[in-house]
Trainee: 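Okay, here's the structure, questions in a sec.
Quick note: numbers below take in every heavy atom, side chains included, and nothing from hydrogens, waters or symmetry partners.
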Amino acid sequence: MASQDWMTKDFYAVLGVAKDADSAAIKKAYRALAKKYHPDRNPGDAAAAEKFKEIGEAYAVLSDPKERQQYDAIRSMAGGGARFTSGAGGAGAGFEDIFSSMFGGGGPNVRYSTSGGASQEDLEDLLRMFGGAAGGAGAGGRRARGPFGFGGFSSQPQPVKGPDVLTNATLSLRDAVSGTLAELTADGRTITVRIPAGVHDGQKIRLRGKGRSGTNGGENGDMVVTISVAKHPVYSIDPVNPANLRMDLPVTLKEAALGATVEVPLLDGKTSRVRIKPGTSSGTVLRLRGKGVATSKKTGDLLVTVQVAVPKKLSKEAKAALEAFDAAMEADPRANLAGEAAR
């Protein structure tokens, strides 16, 4: 920022703090505003990006005790209708007071008064004394050093991170479980990225530095990818714990009633044997440990839900057998249902 900008910009107002606010109050206000107007929270919002830049400029000055002292002095001179007069010494409130507050000593041959308006030449002379011409920053936009050994008032613009780019990726369940390379198109670009193993439906993946370019030397934004997992005919990812897989296991009425050992197909093409206990009901969940999603952190389980398969068509012999079975059953499964429902 050029030094003359300090005369027109109220950094205290930008941060919403009083002029006598301490460093803690300034930092607190800056953090709250920076969080509110950060480009990550306002993608594509030019007004928010400009506000974020102003907040950064204000904090850069007010958080530095020396720069804040210089800023306060320049603001007070600009607000008082400043002009310069030469003289041999000066009593009373004048430029010596401001000079002293900034450098620890008064100027012996310069006196400041507020009896008239300041000319542009006066202001330019003042800025040159402090190491920065009214025309702007030093070479390359960097701070100039003045005859008093400190930096001038010009400064580089604050770096601003580039906006994030949002996109979507639809994966098969196998690719979501094992990880894959995916081609993503967003913001007019097509890039190939690696999707890690163990992602799940609705998950957001942040790819650092793959967003839009930053400004004033700021880092690039990120690419945020929302994952969608296509439905699989057998397996699904457990919504409670994405490291686990789920599947339904059909069993016959006989297997459920008398018990059995059955083969369970696994996602990797192998099989595992599971024991169905006698009297197992539909909805019973069996856990096959270590047969779920394998990631760098852990391996989940396969949760198998038993489903007793009820035939839709029966032969005469099968119907007769079921009738005989039902007649042989002494217990009524709904005997206590009405009483329980009335509680």
Trainee: Between Ala18 and Tyr12, what is the shortest heavy-atom contact and its length?
Mentor: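 Of all heavy-atom pairs spanning Ala18 and Tyr12, the closest is O-CD2, 3.4 Å.
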Trainee: Under 3.5 Å, is there a donor-acceptor pair between the side chain of Ser282 and the main chain of Val308?
Mentor: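 Answer holds: yes.
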Trainee: Is it the case that Tyr59 and Arg31 place a side-chain donor and acceptor less than 3.5 Å from each other?
Mentor: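 Checked: Tyr59/Arg31 side chains show no N/O donor-acceptor pair below 3.5 Å.
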Trainee: I need the Asp248 CG to Thr305 OG1 distance, nearest 0.5 Å.
Mentor: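 Here the interatomic distance stands at 5.5 Å.
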Trainee: Within a strict 4.5 Å, meaning less than it, do heavy atoms of the Leu171 and Ile195 side chains meet?
Mentor: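 Heavy-atom side-chain distance check passes, below 4.5 Å.
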Trainee: Do you know which of Leu288, Val306, Leu302, Thr261 makes side-chain contact (heavy atoms from CB on, under 4.5 Å) with Val274?
Mentor: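 With Val274 as partner, side-chain contact (heavy atoms from CB on, under 4.5 Å) holds for just one option, Leu288.
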Trainee: Are more than 12 heavy atoms, taken from residues, nucleotides or ligands other than Glu263, located less than 6.0 Å from that residue's CD atom?
Mentor: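 Counting neighbours around CD of Glu263, more than 12 heavy atoms of other residues, nucleotides or ligands fall under 6.0 Å, so yes.
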Trainee: Is Asp238 reaching over with its side chain to a backbone N or O of Leu245, donor-acceptor style, under 3.5 angstrom?
Mentor: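 No.
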Trainee: Answer whether the closest heavy-atom distance between the side chains of Lys210 and Val165 falls below 4.5 Å.
Mentor: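 A side-chain contact is absent here, since even the closest heavy-atom pair is not under 4.5 Å.
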Trainee: As a quick check of understanding, evaluate side chain to side chain contact (heavy atoms under 4.5 Å, CB included) for Lys35 and Arg41, giving each step before the final call.
Mentor: CA-CA 8 Å; Lys35 183 177 180 181; Arg41 289 197 167 192; 2.9 Å; yes
Trainee: Could you walk me through whether Asp45 and Lys51 pass the salt bridge (Lys or Arg N to Asp or Glu O under 4.0 Å) test, one step at a time?
Mentor: CA-CA 10 Å; Asp45 190 335; Lys51 183 68 174 178; over 6 Å; no
Trainee: Is there side-chain contact between Ile237 and Leu173, with heavy atoms separated by less than 4.5 Å?
Mentor: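 Ile237 reaches Leu173 side chain to side chain.
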Trainee: How long is the gap from NZ on Lys291 to CG on Leu267, to the nearest 0.5 Å?
Mentor: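 Answer rounded to 0.5 Å: 12.0 Å.
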Trainee: Check whether any side-chain heavy atom of Ile191 lies under 4.5 Å from a side-chain heavy atom of Met223, and answer yes or no.
Mentor: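 Yes - at least one pair of side-chain heavy atoms lies under 4.5 Å apart.
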Trainee: Taking Pro239's backbone N and O only, do any of them form a donor-acceptor pair with Asp201's side chain (distance below 3.5 Å, no angle check)?
Mentor: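 Not confirmed, Asp201 side chain does not pair with Pro239 backbone.
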Trainee: Might you work through the side chain to side chain contact (heavy atoms under 4.5 Å, CB included) test for Lys28 and Val17, ending with a clear yes or no?
Mentor: CA-CA 10 Å; Lys28 181 179 179 181; Val17 298; over 6 Å; no
Trainee: How long is the straight-line distance from CG of Asn241 back to CG of Asp301, given to the nearest 0.5 Å?
Mentor: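 Spacing of CG (Asp301) from CG (Asn241) equals 8.0 Å.
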Trainee: Considering only heavy atoms from C-beta outward, does the side chain of Arg75 approach that of Asp10 to under 4.5 Å?
Mentor: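 They are in contact (side-chain heavy atoms under 4.5 Å apart), so the answer is yes.
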Trainee: When you measure from the side chain of Tyr235 to the backbone N and O of Leu266, does any donor-acceptor pair fall under 3.5 Å?
Mentor: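 A pair under 3.5 Å: yes.
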Trainee: Would you say the side-chain atoms of Asp268 pair up with the backbone N or O of Lys270, donor to acceptor, closer than 3.5 Å?
Mentor: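 Present.
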Trainee: Starting at CZ of Arg194, measure out to CD1 of Ile205 and round the result to the nearest 0.5 Å.
Mentor: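 Result: 12.0 Å between the selected atoms.
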Trainee: Side chains of Thr185 and Thr167: closer than 4.5 Å at any heavy-atom pair?
Mentor: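 Thr185 does not reach Thr167 side chain to side chain.
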Trainee: Is the closest side-chain heavy-atom distance between Leu253 and Val310 below 4.5 Å?
Mentor: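 No, every pair of side-chain atoms sits at 4.5 Å or beyond.
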Trainee: Would you mind checking if Asp72 and Lys19 are paired as a salt bridge, meaning a charged N to carboxylate O distance below 4.0 Å?
Mentor: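 Asp72 and Lys19: not salt-bridged.
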Trainee: Under 4.5 Å between any side-chain heavy atoms of Val160 and Pro39, yes or no?
Mentor: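 Sidechains of Pro39 and Val160: in contact.
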Trainee: I need the Glu57 CD to Gln158 CD distance, nearest 0.5 Å.
Mentor: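 Going from CD on Glu57 over to CD on Gln158, the span is 6.5 Å.
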Trainee: Would you give the length of the straight line joining atom CG of Asn42 to atom OH of Tyr37, rounded to the nearest 0.5 angstrom?
Mentor: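 OH of Tyr37 is found 8.5 Å from CG of Asn42.
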Trainee: Using a 6.0 Å cut-off, check whether atom CZ of Arg275 has over 12 heavy atoms from anything other than its own residue.
Mentor: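 Counting neighbours around CZ of Arg275, more than 12 heavy atoms of other residues, nucleotides or ligands fall under 6.0 Å, so yes.
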Trainee: So, Tyr71 versus Asp64: side-chain donor-acceptor pair below 3.5 Å or not?
Mentor: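 The criterion, which ignores hydrogens and geometry beyond distance, is not satisfied for Asp64 and Tyr71.
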